[in-house]
Amino acid sequence: MHMFWQVLYEGIIMGSVYALLAMGIALVWGVMNILSFAQGEFMMIAMYLSFYFNQILRLDPLIAMPFVIVIMFFFGIVVYKLLITRALKGPVLSQRLITFALGLILVNGTVLLAGGQTKTIQNIAFAGSIDLGLIVVSKQKLVLLFTSLIVTALLFWFMNRTKPGKAIRATAQDKTSARLVGINTEVAYMTAFGISTAIAGAGGSAMTYYYTFTPNIGTNFLIFGFIAVCLGGFGSIGGAFVGGLIMGIIDLFTGTYFAVEFKYLAISVMFLLILTFKPNGIFGR
Amino acid sequence: MKKRLVITLLVISMFVVMLAACGNKATDVEKEEKKDGETVSEEVEKETEAEAEVEKEDGKGEPSEEVETVKIGLMIALTGSGVQAGEEAQTLAKIFTDIINNEHEGVSLPFADSAGLPNLGGAKIEFVVGDLSTPDVALAEAERLITEEKVVGIAGAFSSATTKTAMVAAEKHGVPLLSEGTSITLPEANYKFYGRSLPGDDTFVRDSFDYLDYISENQEPIKTIALVSEDSEFGINIANMEREFAKEYGYEVVEDIAYSQQSTNVTSEVMRLKEANPDAILMSSYAADSLLFMQTYKELNYFPKLLFGQRGGFVASDFALNLGNDADYVMSGSRWNADMQNEAAQTIAELFKEETGLTLLGDSLANVWNGVIMACIVNQAGSTDGEDMRQAMTDGLDLDPSLDPFALEGYKYEANGPNVYGKSIICQYKDGVLNTIFPEDSASMDVLYPAKNWSDR
């Protein structure tokens with residue numbers, strides 16, 4: 001029975017990691033219909049920023065996180081201004097591929113600048129595990145869980161309670177009508193893209209607490225981020241979070257109680273079933 | 001109007017007749033070929049052979065005296081997870097190029113006492129880098145190195161999968177390729193121009209079971225084992241052999257896990273292992289996944305009495321660099337280790353440390369050492385011709401063992417590739433450093449067994 005609770009806890013943790021990635025993808029897709037293939041690489045860049053903050057300024061990744069978030073927000077805005085605005089004017093295919101190409105550049109650029117060696121941040125503030133009897137709780141993984149919960153809550157608050165958030169939602173619903181009521185849709189797009197890279201910033205910083213990383217780490221996570229978005233509902237931020245949690249729980253339960261070889265198969269079957277019976281995802285409209 | 005219609009119909013019927021004639025012609029050619037018992041591919045093969053003959057006459061088989069530079073292909077990963085190993089290989093290649101091309105007194109490495117390759121009139125060597133990030137890239141790059149760069153042989157950081165594709169180009173052009181891809185399927189393929197200087201999976205895996213027996217006889221016995229392997233060819237082949245050897249040596253396999261090396265978490269894998277609680281875990285993993293496993297073992301406060309890595313990530317420089325003392329107690333088979341008591345090993349380890357600040361590891365050295373062996377092959381053959389080089393490989397190389405960092409008895413390649421003198425060692429981490437523990441005459445420390453769990457360290 002102990003094992004059941006441990007598996008459930010680990011599933012929720014893993015789901016929260018997928019959710020961190022999925023929310024950024026869902027936001028960009030929901031607002032501007034662009035699939036952000038570079039979201040995993042944005043997260044990777046954030047991990048390297050946290051690493052260098054730690055190496056040069058001796059900052060713990062949690063302390064460095066606000067700085068990384070701000071840097072990533074402005075990085076997102078630069079990417080939007082330089083690449084996305086132009087791609088939005090082009091055919092659908094170039095809109096799809098532009099972030100894919102950007103991802104490749106970011107991976108190989110990081111290899112050139114930082115090298116391909118696996119990196120890790122060893123001097124972190126919260127390390128080790130707490131044995132609660134029923135479950136063993138890893139402090140590093142708690143950082144991941146809390147970051148995911150806080151980012152989700154802040155994103156909900158921003159999108160539902162603030163003017164820029166409401167402007168983004170209005171633009172997502174109907175760009176022309178939003179313009180007619182005086183919303184600067186260009187700024188709304190730019191802010192949404194900046195927020196999605198900032199989310200990757202928060203996720204990347206938190207992930208350095210647990211993961212060792214190379215320039216390729218984003219690629220491994222990206223596919224799970226996409227599946228979470230599809231499961232939860234295209235463009236739904238809450239859906240992306242729930243989609244991530246579902247995946248994490250299926251992953252851990254299948255791997256532990258059935259066979260490790262089947263865990264990704266189980267996720268894929270669930271993905272196919274949901275897309276067959278609810279093509280827009282669980283929370284999609 | 002009628003006139004136009006008639007002309008159009010005439011033109012169309014002419015086209016139809018021409019097309020039909022072409023079709024018949026093609027069919028006739030095919031029939032003729034089949035009648036002669038040959039196919040188009042056979043004709044292409046003949047053409048390729050003829051081209052190869054022309055190439056030989058054009059200079060590939062030139063007498064040794066006229067060769068100024070001998071180019072050797074060094075294939076490494078330029079993207080993906082093998083980038084770090086690739087960077088280390090390039091540094092090593094730079095060191096060896098300097099040693100071979102210039103005179104270095106008192107250095108115990110091949111060609112150090114001469115400038116260039118003596119049997120080829122002092123020809124210099126040059127390593128030409130090619131990419132082998134994926135099997136298809138490896139094929140294209142091997143082809144480029146041979147046809148455009150005119151390399152006489154190829155070495156590099158090959159996996160078994162990239163060896164198989166690169167061998168297509170090597171066999172086609174008759175260029176020797178030395179690879180440390182350890183899969184048993186490579187010698188089974190009976191390639192003509194393939195060679196492997198160091199042991200293959202079968203030797204490594206058998207040695208690991210011999211060691212389990214050795215430790216069981218001398219210390220706390222091992223009865224149950226768990227097998228954990230990544231699910232590409234590397235891991236699958238090793239797991240297959242481990243299952244067979246487990247039966248042969250009488251160990252009970254209590255857990256058998258195959259996982260993806262791109263896994264974002266291995267929590268369920270470790271929880272299954274913790275539940276099964278084997279005496280020893282045998283793992284075949286790459287760098288990133290071996291680190292993820294170690295992280296998860298620690299987080300779930302679990303470590304077996306003995307953890308044996310089948311090389312791969314466990315002997316990569318990233319392993320100790322990222323884990324530090326957390327790497328302690330992990331054992332692995334290896335081809336070479338920096339603490340081996342031989343002068344050539346110490347020399348190259350020091351030169352590498354001076355250049356990079358990193359500890360040289362066996363796998364990195366093996367990949368580039370094959371490039372040096374390729375230089376020995378060309379030198380001994382006295383020719384850059386593939387057939388002559390293959391003959392030199394089969395005859396055995398005249399290499400002084402005191403100049404060999406791997407301290408092998410020799411280099412004599414069987415017809416299907418393996419070096420008959422290949423042998424392995426067993427190492428263990430202590431204080432974040434890999435130390436040789438077996439065989440006893442090469443050991444620099446006693447084994448740490450049984451391993452302590454994390455909370456007791």
Side-chain angles (χ1 to χ4, degrees), chain A residues 2-3 6-7 9-11 13-14 17-18 21 104 107-108 110-112 114-122 127-129 131 135-141 207 210-217 219-225 247-248 251-264, chain B residues 76-88 133 228-231 255-275 286-292 294-296 298-302 313 316-326 356 358 454-455:
Chain A
H2 279 200
M3 191 149 143
Q6 186 73 47
V7 173
Y9 167 74
E10 296 290 344
I13 296 279
M14 211 51 235
V17 175
Y18 295 143
L21 193 71
L104 289 177
V107 170
N108 290 297
T110 311
V111 170
L112 275 176
Q117 206 162 43
T118 310
K119 302 255 190 281
T120 184
I121 299 178
Q122 281 166 346
S129 303
D131 196 340
I135 53 171
V136 177
V137 176
S138 147
K139 290 180 194 168
Q140 290 108 302
K141 282 188 172 173
M207 282 173 73
Y210 183 71
Y211 285 98
T212 57
F213 50 96
T214 66
N216 295 292
I217 190 169
T219 319
N220 295 350
F221 280 91
L222 185 66
I223 184 70
F224 297 109
M247 277 174 58
D251 180 333
L252 265 292
F253 272 93
T254 315
T256 311
Y257 286 109
F258 294 96
V260 169
E261 292 85 343
F262 292 155
K263 62 184 189 180
Y264 296 132
Chain B
I76 52 174
L78 298 178
T79 59
S81 57
V83 165
Q84 175 60 22
E87 285 172 8
E88 289 174 18
S133 303
V228 181
S229 37
E230 62 82 37
D231 61 3
E255 189 58 84
D256 189 348
I257 292 171
Y259 70 93
S260 164
Q261 60 156 315
Q262 282 161 342
S263 291
T264 51
N265 75 91
V266 290
T267 310
S268 46
E269 286 85 340
V270 173
M271 287 176 78
R272 288 179 77 102
L273 290 168
K274 195 174 176 180
E275 193 74 2
Y286 288 110
D289 39 325
S290 62
L291 288 168
L292 189 55
M294 291 299 289
Q295 177 87 356
T296 314
K298 187 176 180 185
E299 173 210 327
L300 294 176
N301 193 27
Y302 170 70
S317 57
D318 280 350
F319 193 75
L321 213 61
N322 285 283
L323 291 174
N325 288 355
D326 284 350
T356 61
L358 295 172
W454 301 99
S455 48

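Below, chains carry the letters A, B, ... as their sequence lines are ordered, and counting in each starts from 1.
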* Asked: Which atoms of A:Gln122 come close to chain B, meaning under 4.5 Å heavy atom to heavy atom: side chain ones, backbone ones, both, or neither?
  -> side chain

* CG on B:Leu300 to CD1 on A:Ile135, rounded to 0.5 Å -> 11.0 Å

* Given a strict heavy-atom distance threshold of 4.5 Å, which part of A:Phe262 is in contact with chain B: side chain, backbone, both, or neither? -> neither

* CD on B:Gln262 to CG on A:Asn216, rounded to 0.5 Å -> 9.0 Å

* **Nearest-0.5 Å distance, CG of residue B:Leu321 to CD of residue A:Gln117** => 5.0 Å

* Asked: Tell me, side chain or backbone of A:Phe253 under 4.5 Å from chain B's heavy atoms, or both, or neither?
  -> neither

* Please state whether the side chain, the backbone, both or neither of B:Leu358 comes within less than 4.5 Å of a heavy atom of chain A. => side chain

* To do: Could you grab the distance from atom OG1 of A:Thr212 to atom CG of B:Leu323, nearest 0.5 Å is fine?
  => 8.0 Å

* **Spacing of B:Glu275 atom CD and A:Thr256 atom OG1 [to the nearest 0.5 Å]** => 9.5 Å

* To do: Give a yes or no on whether the backbone of A:Thr118 and the side-chain of B:Asn322 come within a donor-acceptor separation of less than 3.5 Å.
  => yes

* Please confirm whether the backbone N or O of B:Thr264 pairs with a side-chain atom of A:Tyr211, one donor and one acceptor, at under 3.5 Å? => yes

* chain A contact via B:Asn265 - side chain, backbone, both or neither, heavy atoms under 4.5 Å -> both

* Asked: Which bit of A:Tyr18 comes within less than 4.5 Å of chain B, counting heavy atoms only: side chain, backbone, both or neither?
  -> side chain

* **Matching residue for A:Ser138 among B:Lys298, B:Glu299, B:Gln295 - test: side chain to side chain contact (heavy atoms under 4.5 Å, CB included)** => B:Glu299

* To do: State the OG1-CG distance between A:Thr120 and B:Leu291, to the nearest 0.5 angstrom.
  => 8.0 Å

* To do: With the side chain counted from C-beta on, respond yes when A:Met14 and B:Thr267 share a heavy-atom pair under 4.5 Å apart, and no when they do not.
  => no

* Asked: Side chain, backbone, both or neither: which part of A:Lys141 has a non-hydrogen atom closer than 4.5 Å to chain B?
  -> side chain

* Indicate yes or no for a side-chain donor-acceptor contact from A:Glu10 to the backbone of B:Ser268 under 3.5 Å, with no hydrogens or angles considered. => no

* Structure fact -> Given A:Val136, A:Thr219, A:Asp251, the one with more heavy-atom pairs under 4.5 angstrom with chain B than any other is A:Asp251

* Asked: Pick from B:Ser317, B:Gly324, B:Ser263, B:Ser455: which one has the most heavy-atom pairs with chain A under 4.5 Å?
  -> B:Ser263

* Which atoms of B:Asp256 come close to chain A, meaning under 4.5 Å heavy atom to heavy atom: side chain ones, backbone ones, both, or neither? -> backbone

